[in-house]
Amino acid sequence: MKSKILVDYESYMCSVALLEDDVLREFYVEDHNTERVTGDIYKGRVEKVLPGLASAFVDIGKRKNGYLAASDMLEDRTTLTRSGRIPTTLNVSEGDYVLVQAVKEPTDTKGARLSANLSLPGRYIVYMPTVDFVGVSNKIGDDAARSRLLELLYANRPTPHCGLIARTAAKDADAGDIIDEIRYFAATYENLLNKFNATDGVARLSSDGDLIFRSVRDMLNSGVDEIVCNSAQIASRLTKYLSERLASSVKVTTMENVDVLKKYGVLDEVEKLLRAKVNLESGGTLVIDRTEALTVIDVNTAKYIGDTDRENTVFAINCEAAREIARQLRLRNVGGMVVIDFIDMTDPLHNEEVVEVLKKEAALDRMRTRVLPMTELGLVQMTRKKSGVELQSLLLQPCHECYGTGHTVSPNYIMRKVKAQLMQIFNDVDCSSAVVTVNPAVFARLEAEDWQLDLGMFAGKRVYLVASPEVNSNSFRISARSGYVLSLPDRAYLLT
């Protein structure tokens, strides 16, 4: 399988895409004006301890304090080491300084999720200086390779109780390159401790880097044969980074004044990722709906008619949907709980096979996933580790007309709300007229209806309807007057 990494750098944003056999598999975007904290390491100050929740709020110098749970805290705060047991009670007091790493981005209502168990990722290994664990990526299935890597990691642990995990790229790596990376991160951690002790007050001690170099580090494997970049400056930095930090000689191609995302068909794919409906090649569809708590995916046959056997037709569409669902979750960077409503099948073996297809495709994801068996209702529950921000949150913004619901209020309901407010206004006997301003599209609908009967209770009052593009289609404005209305647009419509 041939893979290619595309790097699109603009003055306001940057994008990184991974193509496998010319098929888009991963896509990430970062706005230069949006600060990202995940992976950054801080010297934080404990501001508030919540014993009942076994957690604490920590000031890391951001607008909102970070959240640190007891299970993510080191047990010995003075030596910054731990025994390997997961703590269930807090071992800090207000005013203490702690070495923490941001593991989840803040939201509008919450600060960043923090952990005192640091994780330093490289190309071949993940170094965890405070966790006593040695392991190999589950994506390396070769038993001989797993045994070889475990032996190498145990033999080269910087300290007896630190943690090391061999990443997928380590399978084909030279042992010397892996050892060099282990030594590099051991020295990095020592520098962090020195900074922690030398720094007065709250401070960021280390950054995980920008999107381009972070993504290239994580995406780079033996299948990547080229990195294409639209900026000569970034390409030069990437070449140096690959040589000095990743010990890689992969080709870096510069295509200045070329829209690399459009050239390789990525822009068209991204447009599709912003839609709720996904069309499958067979004619079937997926509908992806994001709620606050989880993501719900509905599988439909749509235009797919298959053969004469319904069971085989449904089985085929469900298998295709399972493969595409895993790809969509990866591309959209959907995290958390996912519930999938597959089309009902009568054969239990088909149910199991569809789940296996989903598991196999999800295993290709760099983020940790878990897929549960199908329920009697044809539902499959799965989870995907949250990392960063979902693609839609980065490229879409809330609609000021529908307030994020995806729908606008019907003109009938707007008029009902207008009537209620007019009743309240005309309770004042001094108010003899009112001007109702609505969106032009709503005005056209209301003007065509006979509203006089519904407003008959306002006898002796004058109500005018006016259109204005400044009012969105989900709302209206009412101004009340005493006496006659002296100034109105030419197209004002007298309701009563």
Side-chain angles (χ1 to χ4, degrees), residues 38-44 46 56 58 60 68-92 96-103 113-138 140 145-171 173-199 203-209 214 217-218 244-247 368:
T38 301
D40 292 353
I41 298 173
Y42 299 88
K43 179 175 183 177
V46 177
V58 180
I60 57 172
L68 180 63
S71 58
D72 289 324
M73 294 179 66
L74 302 169
E75 293 180 294
D76 188 338
R77 194 57 49 180
T78 56
T79 62
L80 297 175
T81 61
R82 63 176 290 177
S83 65
R85 297 187 303 273
I86 297 178
T88 56
T89 58
L90 294 168
N91 190 30
V92 294
D96 286 355
Y97 285 96
V98 291
L99 182 65
V100 291
Q101 184 174 36
V103 295
R113 177 70 183 265
L114 306 176
S115 174
N117 304 324
L118 306 189
S119 177
L120 307 177
R123 182 185 178 191
Y124 303 119
I125 61 102
V126 177
Y127 180 53
M128 301 174 294
T130 62
V131 179
D132 188 358
F133 175 79
V134 175
V136 177
S137 169
N138 291 330
I140 301 178
R146 293 181 67 86
S147 298
R148 173 177 57 83
L149 288 170
L150 281 173
E151 183 179 350
L152 178 67
L153 296 183
Y154 273 113
N156 291 278
R157 293 173 84 180
T159 64
H161 301 294
C162 74
L164 293 170
I165 297 177
R167 306 189 73 177
T168 308
K171 179 181 177 182
D174 182 77
D177 292 336
I178 297 176
I179 294 172
D180 287 344
E181 192 167 86
I182 293 173
R183 291 172 178 169
Y184 170 81
F185 282 119
T188 298
Y189 179 60
E190 288 300 319
N191 289 334
L192 282 173
L193 293 182
N194 293 334
K195 282 186 179 180
F196 180 89
N197 294 322
T199 301
R204 185 176 71 174
L205 305 181
S206 172
S207 172
D208 195 32
R214 191 172 65 246
R217 176 197 68 198
D218 293 340
E244 296 180 356
R245 286 287 309 276
L246 304 183
R368 184 172 64 253

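Closest heavy-atom contact between A116 and L68: N-CD1, 3.9 Å. Nearest heavy atom pair, residue L153 against residue G135, reads CD1-O, 3.5 Å. Summarising the geometry of D174 relative to G176, their closest heavy-atom pair is OD2-N, 2.9 Å, with the distance given to 0.1 Å. Across every non-hydrogen atom of S207 and D40, the tightest pair is CA-OD1, 3.2 Å. Nearest heavy atom pair, residue Y124 against residue D177, reads CE1-CB, 3.8 Å. The minimum heavy-atom distance linking K171 with A145 is given by the pair CG-CB, 4.3 Å.
Side-chain atoms of R217 do not come within 3.5 Å of backbone N or O of L246 as any donor-acceptor pair. Remark: the backbone N or O of V126 is not paired with any side-chain donor or acceptor of R167 at under 3.5 angstrom. With hydrogens and angles disregarded, no donor-acceptor distance shorter than 3.5 Å links the side chain of R123 to the backbone of I178. Without hydrogens or angle criteria, K43 side chain to F196 main chain gives a donor-acceptor distance under 3.5 Å. The closest donor-acceptor contact from the side chain of R146 to the backbone of S137 lies under 3.5 Å.
The structure places CG of L114 at 9.5 Å from CD of Q101, a figure rounded to the nearest 0.5 Å. One distance of note links CG of L150 with CG of L164; it measures 10.5 Å at 0.5 Å rounding. Between atom OG1 of residue T38 and atom CG of residue D208 there is a gap of 8.5 Å, rounded to the nearest 0.5 Å. Of the inter-residue distances, the one linking L205 atom CG with L192 atom CG reads 6.0 Å to the nearest 0.5 angstrom. Residue Y189 holds its OH atom at 6.0 Å from OG1 of T130, rounded to the nearest 0.5 Å. Here CD1 of I182 is found 12.5 Å from CG of L120. Values are rounded to the nearest 0.5 Å.
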_Full working for side chain to side chain contact (heavy atoms under 4.5 Å, CB included) between L152 and I179_ = CA-CA 8 Å; L152 178 67; I179 294 172; 4.0 Å; yes
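Taking the side chain as every heavy atom from C-beta outward, L99 and L193 approach each other to under 4.5 Å.
Relative ring orientation between Y127 and F185 is described as parallel, the plane-to-plane angle staying below 30° on a 0-90° scale split at 30° and 60°.
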